Amino acid sequence: MSDHTVDVAIVGGAVMGSSIACHLAMDPDFTGSLLVIEKDPSYAKCASALSAASIRQQFSCPVNIEISLYGIDFLREIGARLAVGDDRPQIDLHEGGYLFLATPDKRAILEENHALQTRMGADIAFLEPDGLRRQFPWLNTEDISAGCWGRTGEGWFDGYGLMQAFRKAARARDVPYLAGEVMRTEPEGSGFRLTLGDGTTVSCGRLVNAAGASGAAAIATDLEIPFPVESRKRMIFTFDCRETVEGCPLLIDPNGTYVRPEGTGFLCGSAPPETADPESQEFDVDHGFFEEHLWPTLAHRVPAFEAIKPGAAWAGHYDMNLFDHNAFVGPVEGVPGLLLCAGFSGHGLQQAPAVGRGIAELIVHGAYRTLDLSALAHDRMARKAPVLELNVV
């Protein structure tokens, strides 16, 4: 007999797992038992704590735009939505916008994406070079054909605060959290049996795999599910600038380098070249990446960044879906009772409100009720129907 027997077990208690747990606990139609399993209750190394924590509507896939349109409303109203008694969480949302820049060869992609985004209700401005210079006079546009800037609805926030707000709201509704790492997952009757590192066992009727970059693939392997998700290291660097760069948004250079304000300074990063991006679980920071790639790009795009003082740096991980860089969300054909919530490829924090709500709806009501997330279903891989996202950062 297992040490714990529950109707629903969620593996992974960071922002996704806690969002699902919170939404389940808030649904009056959910009457089952629930357990969240988290291997690191300190959350010191989880992606939610180490992310650059931002939200945008500037995607090329409709489902991602819909998810983030809901997400920004949720973040704006988080104090009311996730209040626990008189305690109203704050996540310091700053709607500074994203600014995607395009060289002439990529202008058509920017135009097509902008048309879709605005048609779906996103507040995105399409700016020619002269408009960019008027709005951002510190910006070098000599090689730029156009840019798209989110006037509202895009920006950055306290990602760790969002995760803790979901977790606190779930705990306030009596959702139990169990510290432990799932070492083995196996079918058991019509459900599943999990064995943790200390020998504790958990039996459940439904299993949600929200274990992120460090654990989701192992669960999928145990259950013999095709799951091309690997952990990819991403580094974030901070710096101070001598000059004032007024009104800086989250700026995306055409080569993928990004920078945004952080307090009185800035933070920046970029994906490495594919040939230098192996699967990784380590947290070492390569400061040469900043010197050789990031700083030259930043100094070219924003001349004020030629004179900076480097600050702290850290590394975290994306649960990278190598199939199409979008998450697997929802049930798995042939494995009844299993729900996937993994492979977000860097979009997890901003997608947590909508995806957590959607998974909870599947569990309680058997279908999506508010936002159809079926485009992210696992079976798209078997159907060879990738959800291709052109704006991957």
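For the numbers below, each heavy atom of this structure counts, side chains included, while hydrogens, waters and symmetry mates do not. In this text, all values refer to a predicted model and were calculated from it rather than measured experimentally.
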Is a donor on one side and an acceptor on the other found under 3.5 Å between the side chain of [X] and the backbone of [Y]?
X: His4; Y: Thr201; result: no
X: Asn209; Y: Ala216; result: yes
X: Arg369; Y: His365; result: no
X: Asp92; Y: His94; result: no
X: Ser48; Y: Ala14; result: no
X: Arg56; Y: Gln58; result: yes
X: Gln117; Y: Ile65; result: no
X: Ser51; Y: Ala47; result: no
X: Ser145; Y: Ala102; result: no
X: Ser203; Y: Arg193; result: no

Side-chain touch [X]/[Y], heavy atoms, less than 4.5 angstrom:
X: Tyr318; Y: Ser231; answer: no
X: Tyr177; Y: Ser18; answer: yes
X: Met163; Y: Arg167; answer: no
X: Leu50; Y: Trp314; answer: yes
X: Val6; Y: Leu34; answer: no
X: Ile225; Y: Leu338; answer: yes
X: Ser345; Y: Asp319; answer: no
X: Leu101; Y: Leu139; answer: yes

Between [Y] and [X], is the closest basic N to carboxylate O distance under 4.0 Å?
X: Asp284; Y: Lys233; value: no
X: Arg133; Y: Asp130; value: no
X: Asp87; Y: Lys168; value: yes
X: Asp277; Y: Arg234; value: yes
X: Arg107; Y: Glu128; value: yes
X: Asp240; Y: Lys309; value: no
X: Arg301; Y: Asp143; value: yes

Could you give the distance from [atom1] ([X]) to [atom2] ([Y]), rounded to the nearest 0.5 Å?
X: Cys341; Y: Phe344; atom1: SG; atom2: CZ; result: 4.0 Å
X: Leu69; Y: Asp123; atom1: CG; atom2: CG; result: 10.5 Å
X: Tyr258; Y: Cys268; atom1: OH; atom2: SG; result: 7.5 Å
X: Arg357; Y: Cys22; atom1: CZ; atom2: SG; result: 13.0 Å
X: Glu181; Y: Thr195; atom1: CD; atom2: OG1; result: 12.5 Å
X: Lys106; Y: Leu110; atom1: NZ; atom2: CG; result: 11.0 Å

Out of curiosity, does [Y] fall in the hydrophobic cluster containing [X] (side-chain heavy atoms, cut-off under 4.5 Å, transitive links)?
X: Val329; Y: Ile67; answer: yes
X: Met381; Y: Leu340; answer: yes
X: Ile20; Y: Val8; answer: yes
X: Val63; Y: Met120; answer: no
X: Leu373; Y: Ile363; answer: yes

Does either side chain, that of [X] or that of [Y], offer a donor lying less than 3.5 Å from an acceptor on the other one?
X: Thr370; Y: Glu361; result: yes
X: Thr152; Y: Glu95; result: no
X: Asn64; Y: Gln351; result: yes
X: Glu389; Y: Ser60; result: yes
X: Asp3; Y: Thr200; result: no
X: Thr297; Y: Asp253; result: no

Is it the case that over 12 heavy atoms from other parts of the model lie below 6.0 angstrom from the [atom1] atom of [X]?
X: Arg383; atom1: CZ; answer: yes
X: Arg184; atom1: CZ; answer: no
X: Arg151; atom1: CZ; answer: yes
X: Glu224; atom1: CD; answer: no
X: Glu333; atom1: CD; answer: no
X: Glu274; atom1: CD; answer: no
X: Glu186; atom1: CD; answer: yes
X: Glu279; atom1: CD; answer: yes

Determine the minimum heavy-atom distance between [X] and [Y], stating which atoms define it.
X: Pro41; Y: Ala179; result: CG-CB, 3.5 Å
X: Ala299; Y: Glu306; result: CB-CG, 3.7 Å
X: Asn326; Y: Val387; result: ND2-O, 2.5 Å
X: His317; Y: Ala213; result: CB-CB, 4.0 Å

Worked check of side-chain hydrogen bond (donor to acceptor under 3.5 Å, both in side chains) between Lys39 and Ser214: CA-CA 10 Å; Lys39 74 173 186 177; Ser214 62; 3.2 Å; yes
Centroid-centroid distance, Phe227 to Phe323, less than 6.0 Å: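 Ring-ring flag for Phe227/Phe323: false, centres at least 6.0 Å apart.
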Verdict with reasoning, His300 to Phe305, per ring-ring contact (aromatic ring centres under 6.0 Å, His included): CA-CA 8 Å; His300 168 72; Phe305 289 160; over 10 Å; no
Mutual orientation of the aromatic rings belonging to Phe74 and Tyr70 [parallel < 30°, tilted 30-60°, perpendicular > 60°]: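 Correct class here is tilted.
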Aromatic ring pairing Phe237/Phe290, orientation class (parallel under 30°, perpendicular over 60°, tilted between):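 Correct class here is tilted.
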Test side-chain hydrogen bond (donor to acceptor under 3.5 Å, both in side chains) applied to His23 - qualifying residues, sequence neighbours left out: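 Applying side-chain hydrogen bond (donor to acceptor under 3.5 Å, both in side chains) to His23 gives Ser19.
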Cationic tip of Arg260 above Phe266 ring, under 6.0 Å, 45° of axis: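 No, cation not above the ring by the 6.0 Å, 45° rule.
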